Amino acid sequence: MILLIVGMTSLFASFLPILLKKFKISFTIPLLFLGAILFLLNTPLPWPDPTWPLDFALHFTELVVVISLMVAGLKIGLNYSWKEWRNPLRLLIIMMPLYIVIVFVISYYFLDLDGPVALLLATILAPTDPALASEIQLNKKQTVASKNVGVQYNLTAEAGLNDGMAFPFVFLAILWSKNETMGFDQWAEWIGFYVIYKVVVGVLVGMILGYSYSFVTHKLSDVNERRIHPAFVALSLTFISYGLAEILNSYGFLSVFFAGLFANYKKHRENKTTKSDPSLYFISNTEKFLIIFWMVFFGGSIVAGILEFNTTNSVILSVVLVFLLRPLLGFVSLLKTNLSKRKKLAISFFGIRGVGSVFYLTYGIKHGNFEDVNNLYSIVALVILISIFLHGLTAKRVMEKLEDATTERE
């Protein structure tokens, strides 16, 4: 029965592009409704009751996010200058801390959450999701000669970086939940280990692995290089970089993203394509396959009652976060860039929330000592639901208008 459901769902998703081309909506919306229908039909899937099963949700979302980060890294590569990296870094350095602080204050005073829970909520809702935002991100590997430096690039780079950089604040919330007060020792541990060590080592692991793969394959003869199966390389690099980074107690998300960036190091330096380049096609389809079933489970969870712990205040907060706070802070962080006003507005607006938020939520709950977390499930689910509909209904139309405007100027 389960295999039948999996087969019918994946077949349905295969034909979705026919429908989506006409209505110009994201593929996530029909899958959301499909999940709701499958739940109502009482199909034998691991549905939430009403919150997500902790370990299942944690490991499934972890898999989706790491694959999405490798896809983002491979698409960007080493084709962008430091000047071009400054725009997404502004979103990371300016917008994310401001977002976390403001959401923390609102959650603490407006929702009456205790400090650690308020900080966890602020942190898990901060990153732009690399999985659900894939439709408005870069759609192919970039080159120095032909690359996007506008909305798609900035959203891809932001998602690649901030899904790893949110982790230090998740650990800050976990540390706070295990200590009545945050004294000097706790702050020293957080800054020294969770911020400096885990970030630096995670980045270095990814850079070294990506470069090593590029270096070794570059030394192979043309005959041996053609014998490599490139379809599996990207997935292999994903799991190796993530696993090694985790063994070294660093941030695996950052490691995966930087491994993707550096996997084509020799190609970038010599400006040529080789048979051993990691295949984007296979891992991108793997990512979509996993997102299909995550959306089905999410649709089922909505009908199962995961939103029932929301209050009037939490509903107001969820709407404000998606419609006002992210667009406002994103636009402010990009004010001094050379992007056009349209592009600044688009980048600020499409701060899609999704799979990554569920991972951080379940990770924090599993490793922390938080009280009364059911309302967190409801708030996160509501923010994701609003984001899916708002961005899913507007993304394709907005991106088409931006492309048309660019073409007219050219």
Side-chain angles (χ1 to χ4, degrees), residues 1-47 56-57 59-72 74-75 129-141 152 155-156 159 229-236 238 278-303 350 352 354-356 358 384-385 387-400 403:
M1 182 66 174
I2 293 179
L3 290 179
L4 176 63
I5 296 169
V6 170
M8 293 297 291
T9 301
S10 56
L11 185 64
F12 171 73
S14 300
F15 281 85
L16 267 181
I18 299 174
L19 177 69
L20 301 181
K21 186 176 181 181
K22 180 178 180 181
F23 292 100
K24 296 182 180 179
I25 60 175
S26 168
F27 76 102
T28 56
I29 295 176
L31 291 171
L32 185 76
F33 285 105
L34 176 62
I37 293 170
L38 289 175
F39 176 84
L40 294 173
L41 293 175
N42 201 28
T43 52
L45 295 173
W47 300 111
F56 172 77
H59 295 303
F60 190 78
T61 53
E62 180 180 36
L63 179 62
V64 177
V65 172
V66 295
I67 289 177
S68 297
L69 290 171
M70 175 58 71
V71 171
L74 289 174
K75 287 177 179 178
D129 190 64
L132 298 192
S134 59
E135 287 187 305
I136 53 174
Q137 294 177 357
L138 296 172
N139 53 20
K140 62 181 180 179
K141 289 184 179 180
Q152 292 175 311
L155 289 173
T156 306
H229 202 315
F232 300 142
V233 168
L235 273 179
S236 302
T238 300
S279 172
L280 190 60
Y281 179 79
F282 182 76
I283 193 171
S284 294
N285 281 289
T286 303
E287 175 194 27
K288 278 191 169 56
F289 185 78
L290 292 173
I291 293 173
I292 287 168
F293 291 98
W294 188 86
M295 284 306 309
V296 167
F297 287 122
F298 184 72
S301 70
I302 299 301
V303 182
F350 287 116
I352 298 176
V355 185
V358 177
I384 294 172
L385 182 65
S387 180
I388 287 171
F389 276 104
L390 176 64
H391 301 127
L393 293 171
T394 58
K396 290 184 180 292
R397 292 175 173 83
V398 171
M399 296 306 293
E400 284 183 2
E403 289 174 1

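Here the structure is a predicted model, which is why all the values come from computation and not from measurement. Throughout, residue positions are numbered sequentially from 1 according to the sequence presented.
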Colleague: Is the shortest side-chain heavy-atom distance between Ile136 and Val398 below 4.5 Å?
Modeller: no

Colleague: Would you say that Phe282 contacts Val233 through its side chain, given a criterion of any heavy-atom pair below 4.5 Å between the two side chains?
Modeller: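 They are not in side-chain contact.
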
Colleague: Is the shortest side-chain heavy-atom distance between Phe298 and Leu385 below 4.5 Å?
Modeller: yes

Colleague: Is the side chain of Thr238 donor-acceptor paired with the backbone N or O of Met70 at a distance under 3.5 Å, no angle test?
Modeller: no

Colleague: On a heavy-atom basis, which atom in Ala234 and which in Ser279 lie closest, and how many Å separate them?
Modeller: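 Taking Ala234 first and Ser279 second, the nearest heavy atoms are CB-O, 3.7 Å.
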
Colleague: Could you walk me through whether Phe39 and Phe297 pass the side chain to side chain contact (heavy atoms under 4.5 Å, CB included) check?
Modeller: CA-CA 9 Å; Phe39 176 84; Phe297 287 122; over 6 Å; no

Colleague: Could you give the distance from CG (Leu74) to CG (Leu280), rounded to the nearest 0.5 Å?
Modeller: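 Spacing of CG (Leu74) from CG (Leu280) equals 6.0 Å.
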
Colleague: Can you measure from CD1 (Ile388) to CG (Leu32) and round to the nearest 0.5 angstrom?
Modeller: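 Between Ile388 CD1 and Leu32 CG, I get 5.5 Å after rounding to 0.5 Å.
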
Colleague: Measuring from His391:NE2 to Ser26:OG, what's the distance to the nearest 0.5 Å?
Modeller: 11.0 Å

Colleague: Please name the pair of heavy atoms, one in Thr61 and one in Trp294, separated by the smallest distance, quoted to 0.1 Å.
Modeller: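 In this case the closest contact between Thr61 and Trp294 is CG2-NE1, 3.4 Å.
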
Colleague: More than 12 heavy atoms of other residues, nucleotides or ligands under 6.0 Å from CG of Leu3: is that the case?
Modeller: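 Check fails, neighbour count at 12 or below.
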
Colleague: How many angstroms lie between atom OG1 of Thr28 and atom CD1 of Ile352, to the nearest 0.5 angstrom?
Modeller: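 If I round to the nearest 0.5 Å, the distance is 8.0 Å.
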
Colleague: Under a 3.5 Å distance rule, please check whether Ser10 uses its side chain to pair with a backbone N or O of Gly7 as donor and acceptor.
Modeller: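 Between the backbone of Gly7 and the side chain of Ser10 there is a qualifying donor-acceptor contact (under 3.5 Å).
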
Colleague: Of the options Leu393, Leu16, Leu34, which is the one that meets Ile29 in a side-chain contact (heavy atoms from CB on, under 4.5 Å)?
Modeller: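 Result: among Leu393, Leu16, Leu34, Leu393 is the only option passing the side-chain contact (heavy atoms from CB on, under 4.5 Å) with Ile29.
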
Colleague: Going by heavy atoms in the side chains, are Gln152 and Asn139 under 4.5 Å from each other?
Modeller: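 A side-chain contact exists here, since the closest heavy-atom pair is under 4.5 Å.
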
Colleague: With heavy-atom distances below 4.5 Å as the criterion, would you say the side chains of Phe27 and Ile291 are in contact?
Modeller: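 A side-chain contact exists here, since the closest heavy-atom pair is under 4.5 Å.
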
Colleague: Between Lys75 (side chain only) and Leu138 (backbone N and O only), is there a donor and an acceptor less than 3.5 Å apart?
Modeller: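 Side chain of Lys75 to backbone of Leu138, a donor-acceptor pair under 3.5 Å: yes, one is there.
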
Colleague: State the CD1-CD1 distance between Ile283 and Ile67, to the nearest 0.5 angstrom.
Modeller: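 CD1 of Ile67 is found 6.0 Å from CD1 of Ile283.
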
Colleague: Looking at every heavy atom in both Phe23 and Arg397, which two are closest together, and how far apart are they?
Modeller: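 Taking every non-hydrogen atom into account, O-NH2, 3.0 Å.
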
Colleague: Do other residues, nucleotides or ligands put more than 12 heavy atoms under 6.0 Å from Phe33 CZ?
Modeller: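 No.
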
Colleague: Write down the atom of Asp129, the atom of Val355, and the distance for their closest heavy-atom approach.
Modeller: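 So the two residues come closest at OD1-N, 3.1 Å.
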
Colleague: Do you know the tightest heavy-atom contact between Trp47 and Gly35?
Modeller: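 That would be CH2-O, 3.6 Å.
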
Colleague: In Å, rounded to the nearest 0.5 Å, how long is the span from CE of Met295 to NZ of Lys288?
Modeller: 14.0 Å

Colleague: May I ask you to check whether Phe293 and Phe289 place their ring centers less than 6.0 Å from one another?
Modeller: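 Yes; Phe289 has its ring centre under 6.0 Å from that of Phe293.
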
Colleague: For residues Ser68 and Glu287, report the shortest heavy-atom separation together with the two atoms involved.
Modeller: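 Minimum heavy-atom contact is OG-OE2, 2.8 Å.
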
